[in-house]
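We count ligands from 1, going down the list as the structure has it; atoms in each ligand are counted the same way. Throughout, numbering of the chain's residues begins at 1 and tracks the sequence.
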Amino acid sequence: MTQPDEPRFRRLLVTGGAGFIGSCFVRDRLARRDGTQIVVLDKLTYAGNRANLAPAESDPEEAARLRFVVGDIADPQVVAPLVADVDAVVNFAAESHVDRSILEPVDFLRTDVMGVHVLLEACRTEQARARAGERAAAPRMLQVSTDEVYGSVETGESAEQDRLEPRSPYSAAKAAGELLARSYFVTYGLDVVITRGSNTYGPYHHPEKLIPLFITNAIDDQQLPLYGDGMQRRDWLYVADHAGAIGHVLEHGESGEVYNIPAANERANREVVAALLERLGKPWSLVRRVADRPGHDRRYAMDGAKLAALGWKNTMPFEDGLAATVDWFRTNEAWWRPIKSGEWEDYYRRQYAARLADSRDAE
Ligand code: NAD
Ligand code: DAU
């Protein structure tokens, strides 16, 4: 039997580990059974869900290597003792939905900027302890960022050195967070790596986002609110590929560097919606053309040469990943139905009621 590679970092603090991508990272990492110990720090906002970690928590060997702490990355008193006990911090924690950032930006600044600052400060304290001989090495910090920091890319592909031109409160806050992280590498010599992932999809995706919203609405024969002309283009990355790439950069990335994580699955929104409806056996007539998202980025696309040179390759073809995702939502109604209640109903009304009342056929 082949043994898993010896991990470079054995004790990880995974912030936002109850969210969509963070929980996939935790589940996959623990399932390797390579001895890695993980502390998840998660505030359990509307987007955090302890059930996302159920597969790991129900396995005694994995559960013994997982500790869950409910808390805020912007709270130094919670963060400092946790960072003191780990070899690396992987920061997934964020407010992550563009539409919510347009409705109410303040939480995005608190978590996506100040939260990153608090994590970096805790790493800086540990760097001082390492220099004083009180611990072996300073922790590495991986900041999970996004392709949205490049802004709308009408043609071509964004490379890591390109100018950042974020256009929504969400992407502006994410850009601020990663620039702060980079400044701690330059100024203090902290061991920082940054990833910029593209649009991610898969099981456990919060139903506020396009693919799970449209799958779950279509299952219930509800209308599907397509923004504008539906010709915006995104590059769809399967969640296990995104989580795997982040793990690869954590292990092998060069300090101070940024790595794009593209998928090479660029599709117009209309194509994605048509494909998921076909898999569900539901009609296109559910789709409604509604008022566009303000400042809507038309297209994202990234060059992946740098990550490929580091030795990472995605494995999931888009059609297979989408079929697996549709099927997962079909068979896991017990996961998503409770999420689409309570706070969800207020949000849905604010975001969509007027739009849907004013909508037209999408043709
Ligand atoms: P998500 O919204 O599903 O999960 C975010 C998690 O962070 C939740 O568990 C939430 O409870 C937690 N959280 C929020 N604020 C917190 C705080 N102050 N302290 C501690 N925990 C807090 O997000 P996701 O889609 O899994 O995205 C994870 C990361 O990846 C984010 O940083 C996001 O910007 C980035 N990203 C996402 C995508 C995507 O398509 N989903 C693509 C590229 C990058
Ligand atoms: O590109 C990476 C980003 O991808 C991440 O940084 C964000 O955290 C993540 O939310 C995602 O952002 P998007 O805004 O691209 O994803 P969303 O699922 O919200 O929208 C995808 C596309 O679908 C976008 O063009 C807007 C459109 N859309 C979305 C919703 C929710 C609709 O047409 N109707 C909708 O109801």
Original post:
Looking at ligand 2, does any of its N/O atoms fall within less than 3.5 Å of an N/O of Asp147?
Top reply: yes
Subject >> Numbering as shown, the atoms of ligand 1 that approach Ala93 to under 4.0 Å (heavy-atom distance) >> reply: 7 (O), 20 (C), 21 (N), 22 (C)
**OP:** Between Leu210 and ligand 2, find which residue part has any heavy-atom pair under 4.0 Å and reply side chain, backbone, both or neither.
**Re:** both
Original post:
Which atoms of ligand 2 are found less than 4.0 Å from any heavy atom of Leu226?
Top reply: 33 (O)
Original post:
Heavy atom under 4.0 Å from ligand 1: found in His206's side chain, backbone, both, or neither?
Top reply: neither
Original post:
Which ligand 2 atoms are under 4.0 Å away from a heavy-atom of Gln232?
Top reply: 25 (O)
Original post:
Is the NZ or CZ atom of Arg50 both under 6.0 Å from the centre of the six-membered ring of Phe68 and within 45° of that ring's axis?
Top reply: yes
**OP:** Considering only non-hydrogen protein atoms, determine which one is nearest to atom 29 (C) of ligand 1 and report residue, atom name and distance to 0.1 Å.
**Re:** Phe92 O, 3.2 Å
Original post:
Between Asp72 and Arg110, is the closest basic N to carboxylate O distance under 4.0 Å?
Top reply: yes
Original post:
For ligand 1, which part of Thr200 has a heavy atom less than 4.0 Å away: the side chain, the backbone, both, or neither?
Top reply: both
**OP:** Would you indicate which of Gly16, Cys24, Ser96 comes nearest to atom 1 (P) of ligand 1 when only heavy atoms are counted?
**Re:** Ser96
Subject >> Atom indices of ligand 2, in the order listed, that fall short of 4.0 Å to a heavy atom of His97 >> reply: 19 (O)
**OP:** Check each heavy atom of Lys174 against ligand 2 and say whether those closer than 4.0 Å belong to the side chain, the backbone, both or neither.
**Re:** neither
Original post:
For ligand 2, which atoms sit closer than 4.0 Å to a heavy atom of Glu208?
Top reply: 31 (C)
Original post:
So which protein heavy atom does atom 34 (N) of ligand 2 come closest to, and at what separation?
Top reply: Pro225 O, 2.8 Å
Subject >> Structural part of His242 in contact with ligand 1, heavy atom criterion under 4.0 angstrom >> reply: side chain
Original post:
For atom 3 (C) of ligand 2, which protein heavy atom lies nearest, and how many Å away is it?
Top reply: Glu148 OE2, 3.0 Å
Original post:
Which heavy atom of the protein is the closest neighbour of atom 36 (O) of ligand 2, given with residue, atom name and distance?
Top reply: Tyr352 OH, 2.7 Å
**OP:** If you have a sec, work out which protein heavy atom is nearest atom 9 (C) of ligand 2 and how many Å separate them, to one decimal?
**Re:** Ser96 O, 3.9 Å
**OP:** Check each atom of ligand 1 against the heavy atoms of Leu44 and keep those under 4.0 Å away; list them by number with element.
**Re:** 11 (O)
**OP:** Return a yes/no value for Thr146: is any of its N or O atoms, backbone included, closer than 3.5 angstrom to an N or O of ligand 2?
**Re:** yes
**OP:** Could you see which bit of His97 sits under 4.0 Å from ligand 1, with heavy atoms only: side chain, backbone, both or neither?
**Re:** neither
**OP:** Evaluate the ring planes of His206 and Trp344, with Trp represented by its six-membered ring, and classify them as parallel (under 30°), tilted (30 to 60°) or perpendicular (over 60°).
**Re:** tilted
Original post:
Does any N or O atom in Asp99 lie less than 3.5 angstrom from one in ligand 2, N or O only?
Top reply: no
Original post:
For ligand 2, which atoms, with element, lie under 4.0 Å from some heavy atom of Tyr170?
Top reply: 5 (C), 6 (O), 7 (C), 8 (O)
Original post:
To which protein heavy atom is atom 44 (C) of ligand 1 closest, and what is the distance rounded to 0.1 Å?
Top reply: Ser145 O, 3.2 Å
Original post:
Heavy atoms only: which of Ala243, Gly48, Ser171, Gly197 is nearest to atom 43 (C) of ligand 1?
Top reply: Gly197
Original post:
Where does Trp236 meet ligand 1, judged by heavy-atom distances below 4.0 Å: at the side chain, the backbone, both, or neither?
Top reply: neither
Original post:
Nearest to atom 27 (C) of ligand 2, what protein heavy atom do you find, and at what distance?
Top reply: Asn269 ND2, 3.5 Å
**OP:** Please report the closest heavy-atom contact between Ile21 and Phe92, naming both atoms and the distance.
**Re:** CG2-CE2, 3.7 Å
Subject >> side-chain hydrogen bond (donor to acceptor under 3.5 Å, both in side chains) between Asn52 and Trp335, worked out >> reply: CA-CA 9 Å; Asn52 295 359; Trp335 181 84; 2.8 Å; yes
Subject >> Interfacing atoms of ligand 2 (cut-off 4.0 Å, heavy-atom, Leu213) >> reply: 36 (O)
**OP:** Taking only heavy atoms of Lys209 into account, list the atoms of ligand 2 that are under 4.0 Å away from them.
**Re:** 10 (O), 18 (O)
**OP:** Look only at interatomic distance and state if His205 has a nitrogen or oxygen under 3.5 Å from any nitrogen or oxygen of ligand 1.
**Re:** no
Subject >> Test of proximity, Arg234 against ligand 2: N or O pairs below 3.5 Å >> reply: yes
**OP:** Report the nearest protein non-hydrogen atom to atom 3 (O) of ligand 1: residue, atom name, distance rounded to 0.1 Å.
**Re:** Phe20 N, 3.0 Å
Original post:
Nearest heavy atom to atom 9 (O) of ligand 1: which of Asp42, Val69, Val40, Leu210 does it belong to?
Top reply: Asp42
Subject >> Rounded distance [0.5 Å steps], CD in Gln37 versus CG in Leu30 >> reply: 10.0 Å
**OP:** Say whether Ile21, considering both its backbone and side-chain N or O atoms, lies within less than 3.5 Å of an N or O atom on ligand 1.
**Re:** yes
Original post:
Applying a 4.0 Å heavy-atom criterion (strictly less than), which segment of Ser198 is in contact with ligand 1: side chain, backbone, both, or neither?
Top reply: backbone
Original post:
Are Arg27 and Tyr204 in a cation-pi contact, defined as NZ or CZ under 6.0 Å from the six-membered ring centre and within 45° of the axis?
Top reply: yes
Subject >> Atoms in ligand 1 with a heavy atom of Gly71 nearer than 4.0 Å >> reply: 19 (N), 20 (C)
Subject >> Tyr352 six-ring face occupied by Arg288 cation (under 6.0 Å, within 45°) >> reply: no
Original post:
At a non-hydrogen distance cut-off of under 4.0 Å, which region of Asn49 contacts ligand 1 (side chain, backbone, both, or neither)?
Top reply: neither
